[in-house]
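A short write-up of the structure that comes next.
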There are 2 protein chains.
Amino acid sequence: MARQIKAEKNLNSRQIRDAEATQAVILAAAEEEFAKHGLTSARTEAIAKKTGVAKSMIYYYFKDKEGLYQAVLERSHSDLLQTSQQLDLDHLSPEAALEKFLTALLDCVSRNPKLPLIMFHEAVQNQGKYYKRSSSLSIDTKLVKILERGVATGVFRKLDPFQSAINIMGTCLFYFVGAGNIQQHPQGKRLLSKAMLEQHAQEAIALILAGVRNP
Amino acid sequence: MARQIKAEKNLNSRQIRDAEATQAVILAAAEEEFAKHGLTSARTEAIAKKTGVAKSMIYYYFKDKEGLYQAVLERSHSDLLQTSQQLDLDHLSPEAALEKFLTALLDCVSRNPKLPLIMFHEAVQNQGKYYKRSSSLSIDTKLVKILERGVATGVFRKLDPFQSAINIMGTCLFYFVGAGNIQQHPQGKRLLSKAMLEQHAQEAIALILAGVRNP
DNA sequence: GTCTATACGAGGATAGAC
DNA sequence: GTCTATCCTCGTATAGAC
């Protein structure tokens, strides 16, 4: 955005200088590209083209494609990581904790719908080797703990906490995989519109809470 | 396999001639590669290396990488497609239909755990454009129909059938994404072992059935 | 049918002018 | 800081011998 303004103020000189703006633009475009293609089949040329800046700027700021990828990973996970760390759930009932956890998770991914896709590619293609102290792992164990507590207390069914944690994550995140594919709701609403995202959050939470509760 | 036998019978001649066997070997290796990387970042060289046959055989039998990809798509979806067509669910109660549907789906993907990964890549990377009369679409609408019936009858909660169908698919399929990544169960069991796959099917079905039921 | 060798294009990365 | 031009590796695809 800052870049845009400078560009207008300075129309006859194509070489705008704004390090932060340039990096931001590159990161945004890279996030899109990596979300769609993952590290290996993402194209630096495609990223450069989307930004309008020269391809060499990528190497200037991020060293190489891998460096850019790591920057994108960090940036796109930081929100989720921070949010999950701020959640303190131990003083809540298992059911309340689970709902709070899911709300926070769905909130994060609704704000950044590309995140699940990035996670997916990273998991499948690279076996998560670019997650050092993986944010998604730490979030997963948080969920397992909630489920364990609920089963022990008897408010949740006798379910396997480990398996169920994976399945619950799937319920929340799979939607975003389909989003690029399905595009159109029968009624013609986009899957990533604000209304649909909110509905997804509601539906997912309802399905999961009903699914784990002890009848 | 047939290839292996011939190879042993004929050790001094490297040039074994068995069209079917060669194609089968290539298809198997390609399925693995495409599951991990999708069309774009799959490498024909990697596929050839895994098979032991010359890279040019891929082009001889499948014309090009895209041709091979389509062959893999068709082959790996045929089981699911056939299974889903053979299901006739209209005479069953919504709950029984849903259980039967889920059992069949989980059975298919447990037999071929690479299928969800292939679907995923195809959806994200290519927006499903290689699905002509998409098998996964037809299966999805089947699920929507079941849910609609259940809601109408009142045996299911008031849920959105479209949204819930996606979430249910996520519950079943996301597991296979994690499988490559998580590798190890806390107790040291592999996620794709027969026992774990069966447990996953049970857990997923239980979660979903409890999740949709009207209390 | 199968192999080896190679042509050719795409894409990652760098050099150097401005 | 930004751009253009270029290098060079890697990967798809083909040619041609066996």
Side-chain angles (χ1 to χ4, degrees), chain A residues 2-30 32-34 36-72 125-126, chain B residues 2-27 29-30 33-34 36-72 125-126:
Chain A
R3 187 181 187 83
Q4 299 294 326
I5 293 160
K6 282 216 179 179
E8 285 174 49
K9 282 190 185 170
N10 203 353
L11 275 174
N12 43 354
S13 128
R14 298 251 315 292
Q15 298 194 2
I16 310 139
R17 302 197 178 218
D18 185 335
E20 279 185 35
T22 304
Q23 289 179 55
V25 173
I26 292 174
L27 276 171
E32 233 177 273
E33 178 78 2
F34 285 129
K36 196 160 192 178
H37 292 105
L39 173 57
T40 2
S41 74
R43 299 290 168 234
T44 56
E45 281 181 331
I47 295 169
K49 207 163 209 175
K50 258 183 271 187
T51 63
V53 306
K55 196 171 42 159
S56 52
M57 287 290 88
I58 292 172
Y59 299 91
Y60 179 75
Y61 282 116
F62 300 97
K63 188 180 180 205
D64 55 12
K65 189 164 90 159
E66 196 180 335
L68 177 57
Y69 181 65
Q70 280 174 324
V72 167
Q125 215 168 50
N126 314 323
Chain B
R3 187 182 188 81
Q4 298 295 324
I5 293 161
K6 282 217 177 181
E8 286 176 47
K9 284 188 184 170
N10 203 354
L11 276 174
N12 43 353
S13 130
R14 298 249 318 290
Q15 298 194 1
I16 310 141
R17 299 194 181 221
D18 186 335
E20 279 185 35
T22 303
Q23 291 181 52
V25 173
I26 292 174
L27 276 171
E33 178 77 4
F34 285 129
K36 195 160 191 177
H37 292 105
L39 172 58
T40 2
S41 74
R43 298 290 167 235
T44 56
E45 279 181 331
I47 295 169
K49 208 163 207 173
K50 258 183 266 185
T51 62
V53 306
K55 200 174 30 165
S56 53
M57 287 289 87
I58 291 172
Y59 300 92
Y60 179 74
Y61 282 116
F62 300 97
K63 189 182 179 205
D64 56 11
K65 190 163 90 158
E66 196 180 334
L68 177 57
Y69 182 64
Q70 279 173 324
V72 167
Q125 215 170 50
N126 314 320

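Just so we're on the same page: letters track the sequence lines, and every chain starts at 1. Predicted, not measured: the structure shown is a model, and the values here were computed from it. Because only heavy atoms are used, hydrogens play no part in the values below, and waters and symmetry mates are left out as well, while side chains stay in.
- Sorted pairs that involve residues 38-68 of chain B and meet ring-ring contact (aromatic ring centres under 6.0 Å, His included), not counting sequence neighbours, are lacking altogether.
- Residues A:Ile58 and A:Thr51 have side chains not in contact (no heavy-atom distance under 4.5 Å, counting atoms from C-beta outward).
- A sub-4.0 Å separation between OP1 or OP2 of C:dT2 and a side-chain N or O of B:Thr22 is present.
- Across all strands, B:Ala48 comes closer than 4.0 Å to no nucleic acid atom at all (heavy-atom distances).
- Per the geometry, CG belonging to B:Asp18 stands 12 Å off P belonging to C:dC3, to the nearest Å.
- As rounded to whole Å, 9 Å separates atom P of C:dG1 from atom CE of B:Met57.
- Atom NE2 of A:His37 and atom P of C:dG11 are 11 Å apart (whole Å).
- In this structure a side-chain-to-backbone donor-acceptor pair under 3.5 Å is present from B:Glu33 to B:Arg43.
- Side-chain proximity of B:Ser56 to the nucleotides D:dA15, D:dT12, D:dC3 is greatest for D:dA15.
- Within a heavy-atom distance below 4.0 Å of DNA chain D, the residues of residues 58-67 of chain B found are B:Tyr59, B:Asp64, B:Lys65.
- Listed pair B:Arg43 / D:dT12 meets the phosphate criterion, a side-chain N or O lying under 4.0 Å from OP1 or OP2.
- In this structure, CD of B:Glu45 is placed 14 Å from P of C:dA5, rounded to the nearest angstrom.
- Nucleic acid contact class of B:Ala19 (heavy atoms, under 4.0 Å, all strands): sugar-phosphate only.
- The backbone N or O of A:Ala28 sits nowhere less than 3.5 Å from a side-chain atom of A:Lys50 that would complete a donor-acceptor pair.
- Computed from coordinates, the B:Ile47 CD1 to D:dG11 P distance equals 12 Å when rounded to whole Å.
- The CD atom of A:Glu20 sits 11 Å away from the P atom of D:dT2 (whole-angstrom rounding).
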